[in-house]
Amino acid sequence: MADFAYVARNKTGGIEKSVMAAMSAHAVAEALRSQGLVPTLIKPASKSFDYKAVLDLIRPIKLLDKITFIKNLGIMIKAGLPVSRALRILTVQTPNPRFAKVVADISRMVEGGTALADAMIKYPNIFSQIFISMVRVGEVSGNLEQNLAYLAEQMQRDYDLMSKAKGALTYPIIIMVALGIVGFLMFTFVLPKLTATFVDLKVELPLMTRVVMGLVDIFAHYGILILILAIGAIFGLLYWRKTDSGKKVVHKVVLYLPIFSQIVVKINLARFLRVLASLIKSGMPIVEALEVSSHVVGNIYYQKTIAESANKVRIGSSLTVAFKKQPKLFSNLVIQMMEVGEESGTTDAVLAEVANFYEAEVEQTMKNLSSILEPVIMMVIGAVVGFLAIALITPIYSITQSIN
């Protein structure tokens, strides 16, 4: 794929000039005509170092970019456009340059006879297993546009769910980080000047004051080292939690944390049930649907249980056999509704309703999270400030009394 500079006339007769990435000048002309433009000049763009192009290459491909892509692709296919032509148009319309190059490469492979799902496999970091599986089922069944609509709906709900979770946690995280920075600056630069006065007076100090002075002395002498160790510890924990041993510990702990455990359970259930319902609705066999949906949930204990349920179903067991052994992960409601869905033959519809319920629960919990955490944060701040106030004011009061 190369860059082509073009000059074209729009519907009002105005001149438009720009650069487009495409496989050939013919592809550029076709893309321009699809936008209602009349090309008058198309030539290879001059090669020069472009900082913007370098930045575009490392620009992340967000979930919202993929949602927009899949929605537009489904609409074009539903309108009767061939997949290859729809992809060529999306190559031009995709605002993310890095993603546009990926779409252009997929378009080239599809034009060469490769199935759309097989072309997407080349980019596993961009297109997830559920993405590829639903596209493949749609291609085999002839309902690609319908499956793309299911996929777009599922991805949009997943995006909304995670956005609400991140938005609710942003405020308390910012507060805690700000408190940490203020505390470090106080103990390193402010309090040493105050505690130095107590040392010069050479008087007997209360235990609380001596504890504070000891901490202040440590920060005053080793503040930079403490800062480096703290930053190193944070990055070390972030790396460790991505390892197998770290995931086992962290994912187990979050399931038992007050307040947060229920949020984690509801988010994982909502994502799992929504994806499983979409996969079954798209025509995917239940065993394969369970295997694919096990990769969607973030908690490894959910992944393990869902994978076990797929193995149980494969040998003829009920869908809920493995889930019943994990009451901490799967509530009575989920198990009972799954049984109802199996008995009535409406598993996809039942699971979608339960997913709606848990998504509403998560939304309500996230709305209340700030009001729950604010008093806790205020109590912590009050306790720290109160301790410091008593520790620093008590000796001043004693010294004043002695002078009087």
Side-chain angles (χ1 to χ4, degrees), residues 34 61-91 93-94 99-100 102-161 271-297 306 310 313-314 319 341 345-353 355-356:
S34 68
I61 298 174
K62 299 179 180 179
L63 179 58
L64 201 57
D65 293 329
K66 290 182 274 189
I67 292 173
T68 304
F69 164 73
I70 210 69
K71 282 182 177 179
N72 291 337
L73 180 61
I75 291 170
M76 290 180 184
I77 294 174
K78 189 175 182 179
L81 289 177
V83 176
S84 57
R85 186 178 177 188
L87 288 170
R88 284 201 305 272
I89 295 173
L90 287 173
T91 301
Q93 293 182 347
T94 301
F99 194 28
V102 172
V103 175
D105 189 35
I106 292 174
S107 174
R108 178 185 57 78
M109 287 188 282
V110 170
E111 287 177 354
T114 306
L116 179 59
D118 292 333
M120 288 178 172
I121 290 177
K122 184 179 176 182
Y123 299 96
N125 294 329
I126 298 174
F127 302 106
S128 63
Q129 190 172 352
I130 177 179
F131 206 113
I132 295 169
S133 297
M134 290 191 74
V135 170
R136 189 183 302 282
V137 171
E139 288 183 301
V140 173
S141 63
N143 294 321
L144 180 57
E145 70 278 2
Q146 190 175 25
N147 279 21
L148 291 176
Y150 295 154
L151 179 60
E153 180 185 2
Q154 183 271 320
M155 291 175 68
Q156 184 66 56
R157 287 181 176 271
D158 195 40
Y159 173 79
D160 294 339
L161 185 68
R271 296 183 72 183
F272 163 61
L273 295 172
R274 174 67 58 192
V275 169
L276 184 61
S278 299
L279 293 174
I280 295 174
K281 191 175 182 180
S282 70
M284 187 178 294
I286 183 66
V287 175
E288 186 181 350
L290 286 167
E291 290 174 345
V292 173
S293 59
S294 67
H295 298 286
V296 175
V297 291
I306 296 169
V313 173
R314 183 179 284 108
L319 177 62
T346 57
T347 303
D348 57 331
V350 171
L351 293 180
E353 286 300 319
N356 289 337

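We number each residue from 1, following the sequence as shown.
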Between Val137 and Gly283, which heavy-atom pair has the shortest distance, and what is it?
CG1-C, 4.1 Å
Shortest non-hydrogen separation from Ile306 to Ser294 and the atoms involved:
CG2-CB, 3.7 Å
Glu139 side chain vs Ala117 backbone, donor-acceptor pair below 3.5 Å
yes
Rounded to the nearest 0.5 angstrom, the CG-CD1 distance for Leu116 and Ile77 is 7.0 Å
Interatomic distance, Ser293 atom OG to Ile286 atom CD1 [nearest 0.5 angstrom]
8.0 Å
For a 4.5 angstrom cut-off between non-hydrogen side-chain atoms, does Leu63 reach Met155?
yes
Would you mind telling me which of Asp105, Val103, Ile106 makes a side chain to side chain contact (heavy atoms under 4.5 Å, CB included) with Thr91?
Val103
Distance alone, cut at 3.5 Å: any donor-acceptor contact between the side chains of Tyr150 and Gln154?
no
Would you compute the distance between atom CD of Gln129 and atom CE of Met120 and round it to the nearest 0.5 angstrom?
14.5 Å
What verdict does the side-chain contact (heavy atoms from CB on, under 4.5 Å) test give for Ile126 and Phe131, after you've listed the backbone C-alpha separation in whole Å, the side-chain angles of each residue and the deciding distance to 0.1 Å?
CA-CA 9 Å; Ile126 298 174; Phe131 206 113; over 6 Å; no
Are any non-hydrogen side-chain atoms of Asp118 and Arg136 less than 4.5 angstrom apart?
yes
Report, as yes or no, whether the 6.0 Å neighbourhood of atom OH on Tyr159 holds more than 12 heavy atoms from other residues, nucleotides or ligands.
no
Carefully, step by step, assess His295 and Ile130 under the rule side-chain contact (heavy atoms from CB on, under 4.5 Å).
CA-CA 8 Å; His295 298 286; Ile130 177 179; over 6 Å; no
As a quick check of understanding, evaluate side-chain contact (heavy atoms from CB on, under 4.5 Å) for Val350 and Glu353, giving each step before the final call.
CA-CA 5 Å; Val350 171; Glu353 286 300 319; 5.8 Å; no
A side-chain contact here means heavy atoms from C-beta on lying under 4.5 Å apart; do Leu290 and Leu319 qualify?
yes
Measuring from Lys62:NZ to Ile67:CD1, what's the distance to the nearest 0.5 Å?
12.5 Å
So does Leu279 get a backbone contact from the side chain of Ser282, meaning a donor-acceptor N/O pair under 3.5 Å?
yes
For the pair Asn147 (side chain) and Leu144 (backbone), establish whether a donor and an acceptor sit closer than 3.5 Å, ignoring hydrogens and angles.
no
Testing the basics here: between Lys71 and Ala152, what is the closest heavy-atom pair and its distance to 0.1 Å?
CG-CB, 3.6 Å
Begin from the C-alpha positions of Glu291 and Val313 and carry the test side-chain contact (heavy atoms from CB on, under 4.5 Å) through to its verdict.
CA-CA 11 Å; Glu291 290 174 345; Val313 173; over 6 Å; no
Pairing donors with acceptors under 3.5 angstrom, does anything connect the side chains of Gln156 and Asp160?
yes
Looking at every non-hydrogen atom in both residues, tell me the closest pair between Ser133 and Val292 and how far apart they are.
OG-CG2, 3.6 Å
Can you tell me how far the OG1 atom of Thr347 sits from the CG atom of Leu276, to the nearest 0.5 Å?
8.5 Å
Closest non-hydrogen atom pair between Glu145 and Lys78, with its separation:
CB-N, 4.1 Å
Considering all heavy atoms, the nearest Ser84-Ser107 contact:
O-OG, 3.7 Å
Spacing of CD1 belonging to Ile121 relative to CE belonging to Met109, to within rounding of 0.5 Å
10.0 Å
